[in-house]
**Q** 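First, the structure itself, so that you have it in front of you.
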Number of protein chains: 2
Amino acid sequence: MSAQPNKSEIAVLKHLWTHGEQSAREVHDGVTDETGWSYSTTRTVINRMADKSWVNRRDVHGIAVFAAAVSKVTVLGGMVRDLTRKVFDIEGELPVSMFAGSPHLSDGELDELEQLINTASSGDEETAK
Amino acid sequence: MSAQPNKSEIAVLKHLWTHGEQSAREVHDGVTDETGWSYSTTRTVINRMADKSWVNRRDVHGIAVFAAAVSKVTVLGGMVRDLTRKVFDIEGELPVSMFAGSPHLSDGELDELEQLINTASSGDEETAK
DNA sequence: TACAACGTGCTACACATGTAACACAGACAC
DNA sequence: GTGTCTGTGTTACATGTGTAGCACGTTGTA
């Protein structure tokens with residue numbers, strides 16, 4: 001139900017997709033170069049994402065760790081679908097070769113993404129998680 | 001300086017790109033099906049875009065008409081660049097064949113877009129208007 | 001000419017997002 | 001055991017966005 005993540009959220013998600021479950025501190029250290037956030041800001045962004053269930057929180061010996069709760073292909077695919085279908089208004093089959101060079105996607109994931117933007121139907125159905 | 005337009009703003013811009021200078025009423029009639037906005041909302045969105053200089057306002061016989069102040073290719077290209085470069089982190093040459101099917105782009109514009117995302121360099125330089 | 005439409009400027013209010021700071025409790029260092 | 005880190009919960013405040021409404025002046029119409 002919640003559309004696409006914004007830039008801040010993407011930064012966090014990309015980090016979690018790559019590094020798996022991490023503490024706020026770890027996420028912060030990973031994204032602060034790119035975002036310039038203070039640790040406090042990183043925590044706020046992560047907490048808000050937890051509220052939206054985009055990350056799951058778990059306590060390990062009293063320390064909070066977070067993991068992405070939405071799949072990489074689903075999120076990235078959603079963004080591609082939005083841009084191509086709703087902004088560019090392209091109908092019909094879409095090639096995904098454009099994204100082949102992404103370090104975030106394996107060949108298998110690229111295939112998944114292709115399927116997602118070409119089937120995952122027209123409208124607004126949520127294929128969350 | 002202002003990054004990408006949001007969904008509301010894209011709706012208005014797409015209308016203005018297609019129809020040229022229009023009054024708020026005309027824009028409203030053109031986008032209300034898609035947006036579901038009340039006329040009041042349409043006006044607010046347009047006014048805020050004028051504040052950001054994304055549309056130019058002109059008075060014709062006392063009636064305000066608006067025109068896109070940012071070029072289609074620049075805006076759309078910016079969105080593509082953002083998605084590919086900053087979200088997918090793709091470096092190197094990008095094909096634009098994916099967008100060939102868009103009713104919003106002529107062949108020439110597609111070429112421009114290709115150039116834009118492949119040259120318009122790395123960082124944040126603004127190629128506004 | 002008196003009312004109905006429509007455009008204009010202005011205002012409103014809730015929720016989202018950017019961007020933190022503060023206070024407190026437990027763990028570790030001396 | 002006392003200060004220092006670090007994590008946690010909580011709070012803050014400005015700006016952006018979604019989504020309108022209101023009052024007032026002009027103009028077409030009956």
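In what follows, every chain begins at residue 1, and chains take the letters A, B, ... in the order their sequences are listed.
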**Q** Quick one, give me the B/S/- string for nucleotides 14-29 of chain C, reading 5' to 3', where B means a protein heavy atom under 4.0 Å from the base and S means that only happens at the primed atoms, P, OP1 or OP2.
**A** ---BBBBB--------
**Q** Sequence neighbours left out, what passes ring pair (Phe, Tyr, Trp, His ring centres under 6.0 Å) with A:His15? Give chain and number order.
**A** A:His19
**Q** If a pair means Watson-Crick or G-U wobble with both distances below 3.5 Å, what does DNA chain C look like in dot-bracket form, with | marking bases paired to a different strand?
**A** ||||||||||||||||||||||||||||||
**Q** Over how many whole Å does the gap from B:Tyr39 atom OH to C:dC10 atom P extend?
**A** 16 Å
**Q** Take the protein atom CG of B:Asp59 and the nucleotide atom P of D:dT26, then report the distance between them rounded to whole Å.
**A** 15 Å
**Q** Rounded to the nearest 0.5 Å, what's the gap from CD on B:Glu112 to CG on B:Leu76? Could you check?
**A** 11.0 Å
**Q** Go through the steps for B:Thr41 and B:Thr44 under the test side chain to side chain donor-acceptor pair (under 3.5 Å), then give the verdict.
**A** CA-CA 5 Å; B:Thr41 300; B:Thr44 301; 5.9 Å; no
**Q** B:Asp51 has an atom CG; how far is it from atom P of C:dG9, in whole Å?
**A**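 Result: 12 Å.
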**Q** Between P on C:dA12 and CG on B:Asn47, what's the gap in Å once rounded to a whole number?
**A**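 It is 17 Å, rounded to the nearest whole Å.
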**Q** What is the distance, rounded to the nearest whole Å, between atom NE2 of A:His28 and atom C1' of D:dT8?
**A**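 For the pair A:His28 NE2 and D:dT8 C1', the rounded distance is 16 Å.
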**Q** Would you confirm whether B:Arg57, through its side chain, and B:Val65, through its main-chain N or O, come within 3.5 Å as a donor-acceptor pair?
**A**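 Not at all, since once roles are kept as given, no pair shorter than 3.5 Å links the two residues.
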**Q** Does a sphere of radius 6.0 Å around CG in B:Asp107 hold more than 12 heavy atoms from other residues, nucleotides or ligands, not counting ones at 6.0 Å or beyond?
**A** no
**Q** Determine whether A:Trp37 and A:Tyr39 fall in the same hydrophobic cluster, where Ile, Leu, Val, Met, Phe, Trp and Tyr are linked whenever their side-chain heavy atoms lie under 4.5 Å apart.
**A** no
**Q** Can you check whether B:Glu9 reaches B:Trp54 side chain to side chain, under 4.5 Å on heavy atoms?
**A**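 Yes, their side chains come closer than 4.5 Å.
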**Q** Is A:Ala64 touching bases, backbone alone, or none of the nucleic acid, heavy atoms closer than 4.0 Å?
**A** sugar-phosphate
**Q** Give a yes/no on whether any side-chain N or O of A:Arg25 is located under 4.0 angstrom from OP1 or OP2 of D:dT6.
**A**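 The answer is no; no side-chain N or O of A:Arg25 sits under 4.0 Å from OP1 or OP2.
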**Q** Rounded to whole angstroms, how far apart are NE2 on B:His61 and P on D:dT27?
**A** 12 Å
**Q** Without decimals, in angstroms, what is the distance between B:Ile10 CD1 and D:dT17 P?
**A**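 Rounded to the whole Å, the gap is 12 Å.
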**Q** To the nearest angstrom, how far is A:Asp29 atom CG from D:dG7 atom C1'?
**A** 13 Å
**Q** Provide the closest heavy-atom pair for A:Val75 versus A:Gln4 in the form atom of the first, atom of the second, distance.
**A**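 Closest heavy-atom pair between A:Val75 and A:Gln4: O-OE1, 4.1 Å.
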**Q** Using a 3.5 Å distance criterion without hydrogens, assess whether the side chain of A:Thr84 forms a donor-acceptor pair with backbone atoms of A:Val80.
**A** yes
